[in-house]
Number of protein chains: 2
Amino acid sequence: MTQLEKARKKKITKEILAVARNESLSPEEVRVRMEQGKIVIPFNKNHSPKRICGIGEGLRTKVNANIGTSLGSKSLKVELKKLKICEDSGADTIMDLSTGGNLELIRETILSKSVLPVGSVPIYEAVITAIKKKGHISKMTEDDMFSTFESHAKDGVDFATIHSGLTLEVVKRMRQEGRYIDIVSRGGAFLAEWMILNKKDNPFYTGFDKILKIARKYDVTLSLGDGMRPGSVGDATDRSQIQELIILGELAKEALDYGVQVMIEGPGHVPINQIPTNIMLQKRLCHNAPFYVLGPLVTDIAPGYDHITSAIGGAIAASHGADFLCYVTPSEHLRLPTCSDVKEGVFASRIAAHSADIAKGIKGSIEKDIAMSKARKRRDWKEQGRLCIDPEKFKLIKKKTALKNDFCSMCGVYCSLKVMDNLSPFAPALPAGREDHGQRP
Amino acid sequence: MTQLEKARKKKITKEILAVARNESLSPEEVRVRMEQGKIVIPFNKNHSPKRICGIGEGLRTKVNANIGTSLGSKSLKVELKKLKICEDSGADTIMDLSTGGNLELIRETILSKSVLPVGSVPIYEAVITAIKKKGHISKMTEDDMFSTFESHAKDGVDFATIHSGLTLEVVKRMRQEGRYIDIVSRGGAFLAEWMILNKKDNPFYTGFDKILKIARKYDVTLSLGDGMRPGSVGDATDRSQIQELIILGELAKEALDYGVQVMIEGPGHVPINQIPTNIMLQKRLCHNAPFYVLGPLVTDIAPGYDHITSAIGGAIAASHGADFLCYVTPSEHLRLPTCSDVKEGVFASRIAAHSADIAKGIKGSIEKDIAMSKARKRRDWKEQGRLCIDPEKFKLIKKKTALKNDFCSMCGVYCSLKVMDNLSPFAPALPAGREDHGQRP
């Protein structure tokens with residue numbers, strides 16, 4: 001039985017218990033929302049991640065970090081270092097998006113090391129293997145695609161991106177309408193190429209029942225991919241993007257009925273004013289399945305700062321109901337992220353997630369800010385360092401600006417907090433009564 | 001005559017012409033909005049900044065960068081270096097917030113060098129001089145306050161923060177309600193101290209007519225300061241903050257009637273979901289005067305990353321109508337910003353401003369993103385480097401990851417853009433007609 005099937009039988013699993021504890025909710029609340037498809041817990045028994053993570057309605061907004069090799073950077077060692085950085089800096093899940101080197105070995109090693117739930121995108125390996133062994137992506141068979149997914153599932157992948165909504169119809173709609181940038185999703189582009197060259201529809205759509213069987217067998221959470229994710233703010237919320245979302249909504253319902261946990265992936269490059277609409281649409285069309293967004297990036301012109309363009313979009317998306325933020329690093333659009341990019345990306349995304357959780361009213365969120373504010377008022381630097389999101393960076397900056405007093409080097413003795421402290425004893429000296437405040441002549 | 005008085009007499013000044021040209025608006029549109037108090041052009045003839053900057057409704061969102069010495073860091077040279085960084089990285093205005101060293105000399109030098117409009121907060125100098133010469137802030141006379149403002153105005157300051165709305169009544173309301181952090185505005189704390197110790201109301205309120213006379217004489221744009229700016233997300237939008245805003249609205253009307261340009265300063269630390277309300281309230285209570293926000297910072301727990309917490313808040317604020325963003329650097333709450341902090345702060349703020357301008361539909365905004373997207377689709381790296389917000393950083397990252405091909409090191413040959421390019425000739429091979437898209441069994 002999958003977790004979802006157990007939840008339907010009113011069973012409180014140890015995964016549900018862990019999520020309930022982490023989120024200060026009752027186990028029954030978590031169970032009911034899982035049953036309704038509003039919460040997923042990516043947890044494949046063949047991996048059994050130590051840090052169990054619930055994603056969805058009423059839970060803290062979660063952060064995913066992508067790692068993985070590329071053709072130009074095949075070092076497993078570097079990727080394991082990135083994994084450690086993700087774990088240490090507070091990512092909730094990671095995805096292995098490797099495309100260079102021994103993909104199976106990399107995945108198995110990452111799975112064996114990761115305390116976080118691990119996601120993957122099986123189509124990458126299916127395509128790369130087909131190109132290697134058969135010479136061209138078009139030679140990839142439908143069975144290659146399904147069996148690659150099964151091998152990932154068997155290895156213990158906790159969630160997997162499957163681009164089931166990218167049908168020929170969707171690609172046609174895109175071409176009819178026109179886009180500044182056609183398809184920026186790597187999996188989406190692969191599938192479009194395969195479909196067009198083979199004049200066949202997307203096997204992940206036509207054979208979605210096979211996907212469901214594999215997912216149920218290994219209890220893999222499906223993350224239905226958005227191949228039509230806009231790659232330019234000028235393409236956002238167009239007909240092909242929404243067409244794909246409609247199809248994803250239909251497939252999500254099938255998955256749920258089949259006992260498979262499912263979430264929906266979303267944009268992409270989206271102008272600020274279109275983000276609330278995107279969230280509302282996803283939640284409605286997909287019956288409140290958890291929404292997993294990449295960014296959204298609110299402008300295209302800031303390569304080198306895309307952790308910031310995404311933090312802006314992610315914070316807005318999550319405050320309107322997105323549940324899961326895929327981090328974006330400063331090196332997006334430029335290169336494979338370095339270790340330092342990974343760290344910057346995780347923290348920017350966590351800031352977006354936490355800020356949104358304050359807005360969402362998630363338990364235990366604003367309480368952290370209030371504790372920090374109290375420590376700040378007291379100029380209790382030790383406590384601030386303990387409470388802040390990145391204690392390491394805090395200490396580094398503080399160390400560089402050797403603090404001789406309890407105030408910082410910006411205002412020095414003119415610290416507003418100190419001024420106000422000095423005033424406390426004078427509170428009673430304030431003029432009493434309601435009418436005696438100053439009047440201008 | 002001030003610019004505002006000239007605008008009332010239907011005169012199209014060279015400053016209005018410059019703003020109209022910069023913003024692709026007609027000079028008459030700019031003039032009318034200036035007359036209505038919806039646009040300000042900080043421009044003091046004694047400074048005559050080369051880069052003329054309009055702030056307000058329908059204009060690009062502008063970015064201010066604070067520079068200035070502190071007691072622990074008095075080097076004018078360093079501050080001039082920061083000034084240069086601000087100019088080069090695209091700040092629209094700067095404020096000299098110096099509190100260490102020879103304040104007059106620093107201000108005069110910055111004014112003589114800056115091609116950008118320069119703002120100041122005269123209360124800092126008034127207080128520091130009173131402490132130096134008379135031993136205590138409480139010894140500062142009302143005349144000290146006004147004459148300091150006059151000396152700034154005479155020196156050529158284009159805009160000045162005056163905390164006229166922080167009355168004893170407002171301070172009383174704050175104490176009645178309680179706050180996690182009382183007053184974090186430095187000027188606000190000074191004035192509260194002065195008022196409470198002297199049992200007198202705020203001279204900038206009771207003597208607002210004197211402020212107006214000076215502002216009109218030198219045509220200084222007033223930036224009415226928010227002494228009650230919340231310093232904790234838990235304090236945002238409380239009664240004292242809104243009380244002060246009501247008073248600022250009244251004073252803004254007086255300034256406008258008197259022929260003085262005026263804008264309103266705003267929060268501060270504000271949860272995401274309260275930002276739209278803050279903008280709406282300010283615009284309504286202050287009759288659409290330009291709104292100049294500090295941040296807003298959407299969480300308190302991210303010292304070291306407050307350029308990001310502020311970019312999130314600033315983007316949301318501006319997309320809802322805020323006109324002018326005061327940058328916040330990564331070192332906020334920790335130390336006086338370094339040169340590198342200043343640069344990071346300006347770019348984060350510019351990203352927020354530009355993203356908001358896309359949402360606001362400001363002319364020439366999304367066009368930049370579309371041009372970038374087209375270059376990205378073509379993998380035209382030279383053009384991307386030219387179009388991006390920080391060409392220097394772009395080049396640096398690209399240089400480090402020596403590009404041998406036209407695709408980046410993230411996807412390598414599996415670049416989705418390349419895949420889609422390769423597919424272009426196959427477009428006609430798509431099945432035609434409306435009914436033949438794939439059907440699942």
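In what follows, chains carry the letters A, B, and so on, assigned in the order in which the sequence lines appear, proteins first and then strands, with residues in each chain numbered from 1. It should be emphasised that the depicted structure is a prediction, and the values quoted were computed from it without experimental measurement.
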Contact class of [X] relative to chain B, heavy atoms under 4.5 angstrom:
X: A/L71; value: side chain
X: A/Y414; value: both
X: A/H333; value: both
X: A/S185; value: backbone
X: A/I131; value: side chain
X: A/I366; value: side chain
X: A/S319; value: side chain
X: A/K368; value: both

Option in [options] with maximal non-hydrogen atom pairs under 4.5 Å from chain B:
options: A/R376, A/K377, A/H354; value: A/R376
options: A/C388, A/C415, A/G72; value: A/C388
options: A/N202, A/T69, A/V298; value: A/V298
options: A/D421, A/D390, A/L417; value: A/D390
options: A/G234, A/S232, A/P303; value: A/P303
options: A/G412, A/A315, A/G361; value: A/A315

Shortest non-hydrogen contact between [X] and [Y], atoms and distance:
X: B/A348; Y: A/I308; result: CB-CD1, 4.0 Å
X: B/R335; Y: A/C408; result: N-SG, 3.8 Å
X: B/I397; Y: A/P330; result: CD1-O, 4.4 Å

Closer than 3.5 angstrom, by distance alone: can the side chain of [X] be matched with the main-chain N or O of [Y] as a donor-acceptor pair?
X: A/D369; Y: B/T299; value: no
X: B/S70; Y: A/S409; value: yes
X: A/S416; Y: B/R186; value: no
X: B/K374; Y: A/Y180; value: no

Count the heavy-atom pairs under 4.5 Å between each of [options] and chain A, then report the option with the highest count.
options: B/I389, B/I183, B/V170, B/I316; result: B/I183
options: B/L387, B/T99, B/I128, B/V233; result: B/I128
options: B/V413, B/D300, B/T309; result: B/D300
options: B/G385, B/A375, B/G304; result: B/G304
options: B/L97, B/V127, B/I137, B/N273; result: B/N273

| Does atom CD of A/E392 have more than 12 heavy-atom neighbours from other groups under 6.0 Å away? | no
Please report the interatomic distance [atom1]([X]) to [atom2]([Y]), rounded to the nearest 0.5 Å.
X: A/D306; Y: B/I351; atom1: CG; atom2: CD1; result: 7.5 Å
X: B/Y124; Y: A/C411; atom1: OH; atom2: SG; result: 7.0 Å
X: A/I181; Y: B/M372; atom1: CD1; atom2: CE; result: 10.0 Å
X: B/I301; Y: A/S355; atom1: CD1; atom2: OG; result: 7.5 Å

Flag the pair [X] / [Y] as yes when at least one side-chain heavy-atom distance between them is below 4.5 Å, and no otherwise.
X: B/L197; Y: A/L423; value: yes
X: A/I358; Y: B/I272; value: no
X: B/M410; Y: A/E332; value: yes

| said: For the residue pair B/K393 and A/Y305, would you count it as a cation-pi contact if the rule is NZ or CZ under 6.0 angstrom from the ring centre and within 45 degrees of the ring axis? | reply: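 Yes, B/K393 lies over the aromatic ring of A/Y305.
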| field | Residue part contacting chain A, namely of B/E344, when any heavy atom lies under 4.5 Å | value | side chain
